[in-house]
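Only heavy atoms go into these numbers, but all of them, side chains included; no hydrogens, no water, no symmetry mates.
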There are 2 protein chains.
Amino acid sequence: MSRTQGDTKSKIIDLGEKLLLGKGFNGFSYADIAISLGIKNAAIHYHFPCKSDLGLAIIQRARERFKKWGANKETEQLPDRERLDSFFQIYRHYLTKRESVCLSGALETDFTTLPKPMQEETRGLVYDLLTWMEIFLDQGRKRGTFSFPGTPRDQAIIVLAVMQGGLQMTRVTDQSVFDLAVSQIRRLLKP
Amino acid sequence: MSRTQGDTKSKIIDLGEKLLLGKGFNGFSYADIAISLGIKNAAIHYHFPCKSDLGLAIIQRARERFKKWGANKETEQLPDRERLDSFFQIYRHYLTKRESVCLSGALETDFTTLPKPMQEETRGLVYDLLTWMEIFLDQGRKRGTFSFPGTPRDQAIIVLAVMQGGLQMTRVTDQSVFDLAVSQIRRLLKP
DNA sequence: GTCTATAGGGGGATAGAC
DNA sequence: GTCTATCCCCCTATAGAC
């Protein structure tokens with residue numbers, strides 16, 4: 001059987017994600033994707049009738065990816081601090097490979113202009129991240145790996161905000177700003 | 001002399017800022033402003049020939065505002081921790097009065113799509129914020145008001161990233177998230 | 001599944017009257 | 001300073017051929 005559809009479809013999501021992260025949801029068009037993939041505008045509409053369908057697919061795939069990362073046997077068995085670094089690496093990759101901010105940050109700033117289904121999916125994404133981090137920090141503190149005041153939820157909010165804000169700030173200054181942010185948040189978690 | 005111009009012009013900047021913070025630079029149009037102010041599209045172009053002229057004016061005014069805030073005699077003489085809270089209040093106001101994210105965060109996510117002059121002004125804004133916070137934290141630590149590992153610059157990055165990311169996250173969850181972020185960053189600075 | 005062609009709307013921006 | 005009128009481009013989306 002042909003896998004032309006599957007290939008094109010995932011190429012569109014790949015590129016759509018890159019454009020979304022790089023330019024915001026209102027900053028790219030089907031034409032950008034079409035030109036870059038060497039196909040026509042209408043071909044994209046065949047796979048994703050509305051732009052919000054594409055946006056939704058991008059967020060859903062990212063949530064699945066994170067879910068798999070969290071459930072990965074190798075990752076799961078790492079020592080807490082290495083697992084933390086592995087989490088930070090997700091954000092570092094946004095910076096190095098895609099020259100972009102993170103998905104939650106991009107979607108949150110565009111939030112008010114997003115169609116309802118994308119808003120809901122964005123909420124889900126942020127919920128996933130917050131929940132994972134909260135549980136992770138809670139376990140880590142109980143084991144003595146991490147130390148921080150307040151509740152695990154308080155600290156989870158801080159850690160995610162730093163990743164998100166750090167990626168954005170680094171975009172207008174220089175790469176070192178994000179790396180300094182990561183180093184500092186690591187220090188702040190030291191027992 | 002008539003002050004019609006001055007009035008309209010600053011009303012445009014006011015509304016433009018609100019829209020920029022609420023919907024992103026690519027998320028609002030001259031028509032939004034025109035309708036809301038009860039004037040016509042062309043009237044805005046009289047004051048700001050290009051949209052980037054308006055964007056530039058918004059950022060420049062915000063920088064002036066922050067400069068004045070920093071140089072304000074009353075603010076300057078406050079104890080460090082009250083001055084820190086006064087800084088946090090700037091961000092809290094974005095949330096309560098404008099239902100929006102902060103200016104640097106909004107501009108950074110749209111950054112790649114912004115005209116050059118706006119990019120440069122955005123860099124300046126972030127530089128202002130980072131520099132002020134770095135000096136403030138440095139002095140505070142020397143006085144024993146604040147405690148944190150790493151350099152003042154490291155910590156300044158973290159604090160700003162938390163404000164920025166916190167405002168964005170709170171938009172898709174609930175207001176408490178931003179307040180929890182502020183409480184937590186205050187705790188993390190405790191001696 | 002992808003194409004050509006095109007509809008239909010909104011965007012930024014300008015010309016010229018008042 | 002503000003208006004009416006209009007241009008032109010880009011955008012999302014659809015219809016129908018291949």
Side-chain angles (χ1 to χ4, degrees), chain A residues 1-20 22-59 106-107 110 112-119, chain B residues 1-20 22-59 106-107 110-119 121:
Chain A
M1 72 184 190
S2 163
R3 62 169 52 187
T4 314
Q5 177 180 12
D7 280 8
T8 303
K9 191 163 186 172
S10 44
K11 274 182 194 166
I12 294 170
I13 303 183
D14 285 343
L15 194 52
E17 183 176 12
K18 186 174 175 176
L19 287 165
L20 169 53
K23 307 168 71 170
F25 191 68
N26 298 317
F28 77 93
S29 70
Y30 273 29
D32 294 328
I33 299 175
I35 292 167
S36 188
L37 292 186
I39 57 177
K40 295 298 168 184
N41 202 321
I44 305 173
H45 279 283
Y46 168 79
H47 296 283
F48 302 100
C50 306
K51 199 182 174 187
S52 75
D53 295 327
L54 172 57
L56 207 60
I58 292 169
I59 311 174
L107 293 166
D110 287 340
T112 56
T113 69
L114 297 179
K116 271 264 149 44
M118 283 185 68
Q119 291 191 338
Chain B
M1 76 187 188
S2 163
R3 63 171 50 188
T4 314
Q5 176 181 12
D7 280 10
T8 302
K9 191 163 184 173
S10 45
K11 274 182 193 165
I12 293 171
I13 303 183
D14 286 343
L15 193 52
E17 182 176 12
K18 186 174 173 176
L19 287 164
L20 169 53
K23 308 168 70 170
F25 190 69
N26 299 316
F28 77 93
S29 68
Y30 273 29
D32 293 329
I33 298 174
I35 292 167
S36 189
L37 292 185
I39 56 177
K40 296 297 168 183
N41 202 320
I44 306 173
H45 278 285
Y46 169 78
H47 296 284
F48 302 100
C50 304
K51 199 182 174 188
S52 74
D53 295 326
L54 172 57
L56 206 59
I58 293 169
I59 311 174
L107 292 167
D110 287 341
F111 193 73
T112 57
T113 69
L114 297 179
K116 271 266 148 45
M118 284 185 67
Q119 291 191 339
E121 203 67 27

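A cation-pi geometry, defined here as NZ or CZ lying under 6.0 Å from the six-membered ring centre and within 45° of its normal, holds between Lys51(B) and Phe25(B). For the pair Lys9(A) and Phe48(A), the cation sits on the ring face: its NZ or CZ lies under 6.0 Å from the ring centre, inside 45° of the axis.
Spacing between atom CD1 of Ile44(B) and atom P of dC3(D) amounts to 10 Å, rounded to whole angstrom units. dT4(C) atom C1' lies 15 Å from atom CD1 of Ile39(A), rounded to whole Å. Between His47(A) atom NE2 and dC3(C) atom C1' the separation is 12 Å, expressed in whole Å. Counting to the nearest Å, the C1' atom of dG12(C) and the CZ atom of Phe25(B) are 11 Å from each other. As rounded to whole Å, 15 Å separates atom P of dC11(D) from atom CG of Leu54(A). Counting to the nearest Å, the P atom of dA5(D) and the OH atom of Tyr46(B) are 22 Å from each other.
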Distances under 3.5 Å only, N/O to N/O: pair up the protein atoms with those of nucleotides 14-18 of chain C.
none

Collect all protein-nucleotide pairs involving nucleotides 7-11 of chain C in which both atoms are nitrogen or oxygen and the distance is under 3.5 Å.
unit_1  : atom_1 : unit_2   : atom_2 : d
dG11(C) : OP1    : Ser29(B) : OG     : 3.3

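One distance of note links CD1 of Ile33(B) with CD1 of Ile44(B); it measures 5.0 Å at 0.5 Å rounding. A distance of 6.0 Å separates OG1 in Thr8(A) from CD1 in Ile39(A), rounded to the nearest 0.5 Å.
Of the possible polar contacts, none joining the Tyr30(A) side chain to the Lys40(A) backbone as a donor-acceptor pair under 3.5 Å is found. In terms of modelled atom types and a separation under 3.5 Å, the side chain of Thr112(A) and the main chain of Gly22(B) share a donor-acceptor contact.
Residues Ile58(B) and Leu20(B) come closest through the heavy atom pair CG2-CD2, 4.0 Å. In terms of heavy atoms, Asn41(A) sits closest to Ala34(A) at N-CB, 3.7 Å.
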